[in-house]
Number of protein chains: 2
Amino acid sequence: MTAANEDTIANRISRILADRIVTGQLEPGAKLRQDHVAEEFGASHVPVREAFRKLEAQGLAVSEPRRGVRVASFDLAEVREVALMRAELEGLALRQAAPHLTSSILEEAEQATVAGDNSRDVRSWEEANRRFHRLILTPCAMPRLLAAIDDLHSVSARFLFSAWRSEWEVRTDHDHRAILGFLRQGNIENAVAVLERHVQWIGQKPVKSPTGSTRDVFAIVG
Amino acid sequence: MTAANEDTIANRISRILADRIVTGQLEPGAKLRQDHVAEEFGASHVPVREAFRKLEAQGLAVSEPRRGVRVASFDLAEVREVALMRAELEGLALRQAAPHLTSSILEEAEQATVAGDNSRDVRSWEEANRRFHRLILTPCAMPRLLAAIDDLHSVSARFLFSAWRSEWEVRTDHDHRAILGFLRQGNIENAVAVLERHVQWIGQKPVKSPTGSTRDVFAIVG
DNA sequence: CCTTATAGAATTATAGATAATTTATGATTC
DNA sequence: GAATCATAAATTATCTATAATTCTATAAGG
């Protein structure tokens, strides 16, 4: 009857684990042991295994048969790969969605941008940013495309969290405003062009590792 | 020890079911009952459920909690959606792969095209076609992108099988040859342009339904 | 001192059993 | 005769148990 029962245990576990991986609570390479996870959620390991399969499909975990599953690791090459894929797919989605955008949707997107600018931490910024992208893309009405974009967003968010774990500086999102401006003018191609460039922008930040040395961390910022 | 043991039962089941769905042996909307599948493969239903999850992620099956899983159905809108996604992603892949293409790879791709032209049935044509695309795209060295393209290829193949179930007419693939020509010249952008148009071409064929009436069936042909 | 066996513990993968839910069937009423 | 409700059968989702594999730590041998 309740919404909780609409969902399987496996789905719930996979959502929670996905969130932990994305936010960095679970580090790249960490082992996911089915019995331990099962015990934590008060379930058996059958639904846990199904949750692992879903994480695998989303690219958040990798599984070696008989040797268990680990949190997926990533490097600069993968950050770039995801950025390029997002640019192509979000460009496509926006081109299809644009004719169906209403001024009330654009208004909501504007509010999401403001919310992003006012965010005091990465988590709420990421939420607002995703809301913006979803708002202007959803009207394309292409479910498979939107699902693919959503998975890529999760991975992007993971990069972001890993880079900006502790500190967070406020920024004003000029790209989002430029996109909205072009959309209001009905200038679809310019909006798409800005979006594609926006998504490909890769942030870079020096981070002190536990050993004291400094390394550069990269993340998709948009 | 053998390669068969390198793989889990779940993976084997999912591969075989995927093939049946793609080739049309399992029709859209058909129920997949875990106990029956388990019995057929001489396994229990735990690996079967995991196989279902994988099919779901590939977009070949849809699952409603507590109500079972069915072979995914599709319509013209989805054929178009997959075509557009493939155009974008294969274009991206080719642009990245082009600098790493060797003349021996292009030679292999040429042979795949010839094999396609000589194919007497849909299955072998599809195999050759996929080989062509994989050959020219793999050198992009972007595993996530290639996996996404591969899943889309499966869905495309499904459309193709559903449309051309019985008869198959021989065609010469001019697009593939044009792409190879541009690649040999080092003219990447033209190669990409032809590829993107090629993949978006949607074949159309009148098919007699069991009731005797005629309807148009659409498929991605490339 | 380092390498290689080996026994034990931990973990994965699968099977078998149970509870809960949905679908099908048939009787009953309007 | 159609619709509705109750009951039975089938099916899904989960849990508990077992077998097989991998990992770990320790000891024997070079």
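Note that these values count all heavy atoms, side chains included, but never hydrogens, waters or copies made by symmetry. Order of the sequence lines sets the chain letters (A, B, ...), proteins ahead of strands, with each chain counted from 1.
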Calculate the interatomic distance between [X] atom [atom1] and [N] atom [atom2]; express it in whole Å.
{"X": "Phe52(A)", "N": "dT12(C)", "atom1": "CZ", "atom2": "P", "result": "7 Å"}
{"X": "Arg70(A)", "N": "dT22(D)", "atom1": "CZ", "atom2": "P", "result": "15 Å"}
{"X": "Asn11(A)", "N": "dT12(D)", "atom1": "CG", "atom2": "P", "result": "16 Å"}
{"X": "Glu50(B)", "N": "dA13(C)", "atom1": "CD", "atom2": "C1'", "result": "8 Å"}
{"X": "Ile9(B)", "N": "dT12(C)", "atom1": "CD1", "atom2": "P", "result": "17 Å"}

**Prompt:** If only side-chain N and O atoms of Arg67(A) are considered, is one of them under 4.0 Å from the OP1 or OP2 phosphate oxygen of dC23(D)?
**Reply:** yes
Nearest-neighbour nucleotide for the [X] side chain, [options] considered:
{"X": "Arg49(B)", "options": "dT22(C), dA13(D), dA15(C)", "result": "dA13(D)"}
{"X": "Ser44(B)", "options": "dA15(C), dC23(D), dA13(D)", "result": "dA15(C)"}
{"X": "Val46(A)", "options": "dT22(D), dT12(D), dT16(D)", "result": "dT16(D)"}

Of His153(B), Gln200(B), Glu196(B), His198(B), the one forming a side chain to side chain contact (heavy atoms under 4.5 Å, CB included) with Arg86(B) is His153(B)
### Task
Answer yes when Glu56(A) and Arg53(A) have at least one side-chain N-carboxylate O distance shorter than 4.0 Å, and no when they do not.
yes
Decide if the gap between the ring center of His45(A) and the ring center of His36(A) is smaller than 6.0 angstrom. no
Q) Mind checking whether Phe159(B) and Phe74(B) have ring centres under 6.0 Å apart? A) yes
In numerical order, the residues of residues 31-43 of chain B whose heavy atoms come under 4.0 Å of DNA chain C are Gly42(B), Ala43(B)
Checklist entry - Between the side-chain atoms of His45(B) and the base atoms of dT14(D), is any donor-acceptor pair under 3.5 Å? => result yes
Exercise for review: Spell out, as yes or no, whether a donor-acceptor pair under 3.5 Å connects the side chain of Glu50(B) to the backbone of Arg49(A).
Suggested key: no
- prompt: Checking Glu88(B) side chain against Leu92(A) main chain: does a donor-acceptor pair fall under 3.5 Å?
  reply: no
Comparing nearest nucleotides in DNA chain C, the 5'-proximal residue of the pair Pro47(B), Val69(A) is Val69(A)
Interatomic distance, CG@Leu32(B) vs CG@Leu55(B), rounded to 0.5 Å, equals 7.5 Å
